[in-house]
Chemist: 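Here you go, one structure.
Bear in mind the structure is a predicted one, so any value in this text is a computation, not a measurement. Just follow the structure's listing: the first ligand is 1, and inside any ligand the first atom is 1.
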Amino acid sequence: MSDRGGFAALDSCVHCGFCLQACPTFLATGDEADSPRGRITLMRALEQGELTADDPDLTMHLDRCLGCRGCEPVCPSGVGYGRGLEAARAVITARRGVSPLARLALWALTTTGVSRVVYALARALRSTGLPARLAGWNRLGFAMGMLAATRQGRTGADRGGQRRTKSPRVSNSVRPRPPLSALLFRGCIMEGLFRHVHDATIRTLSVNGYTVRETAAGGCCGALHAHAGLVDEARTLARANVAAFTDGDDPIVVNSAGCGAMLREYGHLLPDEPAAAALAARVRDVTELLAERGPVPGAPLDRRVAYDPPCHLLHAQRVADAPLAVLGAIPVLRLLTVPDAEQCCGSAGLFTLVQPAMSRAVLAPKLERLRAAAPQVVATGNPGCVMQLGAGLRAAGVRAALCHPVELLDASYAAAGHYA
Ligand code: SF4
Ligand code: SF4
């Protein structure tokens with residue numbers, strides 16, 4: 001992906017402005033320079049040398065972009081905003097580097113070895129229950145709320161006292177299906193703080209006729225680095241994953257929308273390496289694999305659930321219906337309609353950390369809409385969204401459990417006796 005290649009994705013913009021009302025930062029500030037159209041003008045000026053990479057207005061407005069890509073599906077000209085943004089950020093990062101806070105977060109959360117220790121400490125802290133008690137709106141309180149939200153969600157299912165194993169023997173009550181195979185992508189944050197989602201992924205896919213295999217290697221997808229403008233580091237991580245997933249052509253199952261979106265971009269990230277595009281073509285969200293198989297229905301779950309579609313699933317991967325099919329396989333579950341649910345929650349990788357004011361401004365209207373809908377459970381398929389929404393709801397005093405959609409299906413399957 002040459003820098004021009006990324007900037008070229010912006011060439012089709014005709015400045016119509018259809019994207020403005022889909023942009024959460026424009027809605028928050030009303031400033032054209034915080035809109036997709038305004039930022040495209042800035043990025044073109046950067047590429048053409050009319051603005052320098054350290055221009056304070058340029059960097060402020062591009063830093064305040066979530067990278068949510070909510071502007072892409074509504075664009076009649078097919079502008080590839082996300083690719084243009086990554087190219088512009090690479091130029092800016094080459095000039096000014098990455099902030100110490102972002103660098104520290106990347107090192108702690110994604111570096112093999114280091115991250116293992118960091119996640120172990122985070123899990124130990126989480127298990128004390130202290131983060132939930134310290135949660136609030138200030139920076140420390142919000143970080144604590146985010147950590148508290150990574151606990152396994154209380155999905156409200158009656159599991160009938162069954163102990164669920166990671167790789168269950170599927171009950172004879174489930175109609176046998178032709179076996180299929182899938183390779184699980186574990187990633188870094190999902191493996192460090194959301195192993196229960198990996199376990200639920202394996203179990204629910206098993207019920208639907210998949211054998212889930214693992215690779216010994218593989219790690220961070222590189223999304224946080226790419227979004228920060230660290231394209232070379234993202235390429236290094238991408239190459240490691242390409243090498244780790246060369247085993248056959250089975251689908252690569254991903255349960256983190258951010259990772260899935262990044263993995264699907266590997267062909268553009270490494271344009272001269274055909275194996276990267278081959279990997280990208282195998283990537284499937286877990287809800288897509290489940291939806292293709294029905295999925296098998298579970299037991300009733302009497303819960304009011306709000307589904308919050310992650311931007312990197314809905315806009316970047318264009319996966320809209322599959323999560324609803326997963327929730328639709330749970331009898332009695334009431335799926336609530338929350339207005340503008342497709343608007344970004346303000347998480348956006350490290351954005352919540354490095355741009356807290358804009359992040360909270362984007363989050364605020366979503367919290368009010370959720371408060372009005374009064375769900376018992378908010379389901380969303382991305383770790384950053386779980387953490388952002390969980391912290392925000394807790395700080396706002398709105399009681400709702402957070403979980404991944406497959407956790408609800410998993411609880412429903414357990415209650416149905418699908419795990420022998
Ligand atoms: S990005 Fe698309 S929708 Fe937005 S102004 Fe340009 S052409 Fe119009
Ligand atoms: S990526 Fe999101 S925040 Fe950035 S311009 Fe597009 S809609 Fe707005």
Chemist: Quick check: do Thr150 and Arg123 have side-chain heavy atoms less than 4.5 Å from each other?
Modeler: no

Chemist: When you check the gap from the basic side-chain N to the acidic O, do Glu288 and Arg282 get nearer than 4.0 Å?
Modeler: no

Chemist: Counting non-hydrogen protein atoms only, what is the nearest one to atom 2 (Fe) of ligand 2? Give residue, atom name and distance.
Modeler: Cys68 SG, 2.3 Å

Chemist: Atom CG of Leu370 and atom CG of Leu336: how far apart are they, to the nearest 0.5 Å?
Modeler: 9.5 Å

Chemist: Are Lys366 and Asp340 close enough for a salt bridge, meaning some N to O gap below 4.0 Å?
Modeler: no

Chemist: Do the side chains of Phe185 and Val253 get nearer than 4.5 Å, heavy atoms only?
Modeler: no

Chemist: Phe142 ring centre to Arg360 NZ or CZ under 6.0 Å, with the angle to the axis within 45°?
Modeler: yes

Chemist: As an exercise, identify every atom of ligand 2 less than 4.0 angstrom from a heavy atom of Arg69.
Modeler: 1 (S), 2 (Fe)

Chemist: Short list, please: which atoms of ligand 1 are under 4.0 Å from a heavy atom of Cys75?
Modeler: 1 (S), 2 (Fe), 3 (S), 7 (S)

Chemist: Of all the atoms in ligand 1, which lie at a distance below 4.0 Å from a heavy atom belonging to His15?
Modeler: 5 (S), 6 (Fe)

Chemist: Name the closest protein heavy atom to atom 3 (S) of ligand 2, giving the residue it belongs to and the distance to 0.1 Å.
Modeler: Leu66 N, 3.5 Å

Chemist: Do Arg44 and Glu47 meet the salt-bridge criterion of a basic N to acidic O distance under 4.0 Å?
Modeler: no

Chemist: Heavy-atom distances under 4.0 Å decide this one: backbone, side chain, both or neither, for Arg39 against ligand 2?
Modeler: side chain

Chemist: If you count the atoms of ligand 1 from 1 in the order shown, which ones are under 4.0 Å from a heavy atom of Cys16?
Modeler: 3 (S), 5 (S), 7 (S), 8 (Fe)

Chemist: Touching ligand 1 at all, Ser35? Heavy atoms, strictly under 4.0 Å?
Modeler: no

Chemist: Closest non-hydrogen protein atom to atom 6 (Fe) of ligand 2, residue and atom name please, with distance?
Modeler: Cys71 SG, 2.4 Å

Chemist: For atom 7 (S) of ligand 1, what's the nearest protein heavy-atom neighbour? Residue, atom name and distance, please.
Modeler: Val14 N, 3.3 Å

Chemist: Could you identify the single nearest non-hydrogen protein atom to atom 1 (S) of ligand 1 and state the distance to 0.1 Å?
Modeler: Ile40 CD1, 3.6 Å

Chemist: Check ligand 1 against Ser77 and write out every atom of the ligand that is under 4.0 Å from a heavy-atom position of the residue.
Modeler: 7 (S)

Chemist: Looking only at protein heavy atoms, which one is nearest to atom 5 (S) of ligand 1, and what is the separation?
Modeler: Gly17 N, 3.2 Å

Chemist: Tell me whether Asp34 is salt-bridged to Arg39, with the criterion being a basic N under 4.0 Å from an acidic carboxylate O.
Modeler: yes

Chemist: Got the closest protein heavy atom to atom 8 (Fe) of ligand 2, with its distance?
Modeler: Cys23 SG, 2.4 Å

Chemist: Show which atoms of ligand 2 fall inside a sub-4.0 Å distance from at least one heavy-atom site of Gly67.
Modeler: 1 (S), 4 (Fe)

Chemist: Salt bridge (Lys or Arg N to Asp or Glu O under 4.0 Å) between Arg96 and Asp54: does it pass, once the steps are laid out?
Modeler: CA-CA 7 Å; Arg96 71 168 183 196; Asp54 55 3; over 6 Å; no

Chemist: Using a distance-only test with no angle check, is there a side-chain donor-acceptor pair under 3.5 angstrom linking His312 and Arg69?
Modeler: no

Chemist: To the nearest 0.1 Å, how far is atom 4 (Fe) of ligand 1 from its closest protein heavy atom, and which atom is that?
Modeler: Cys19 SG, 2.3 Å

Chemist: Counting only heavy atoms closer than 4.0 Å, does ligand 2 sit against the backbone of Phe26, its side chain, both, or neither?
Modeler: neither

Chemist: Just which atoms of ligand 1 are under 4.0 Å from any heavy atom in Pro76?
Modeler: 3 (S)

Chemist: Are the side chains of Tyr307 and Thr337 in touch, meaning some heavy atoms are under 4.5 Å apart?
Modeler: no

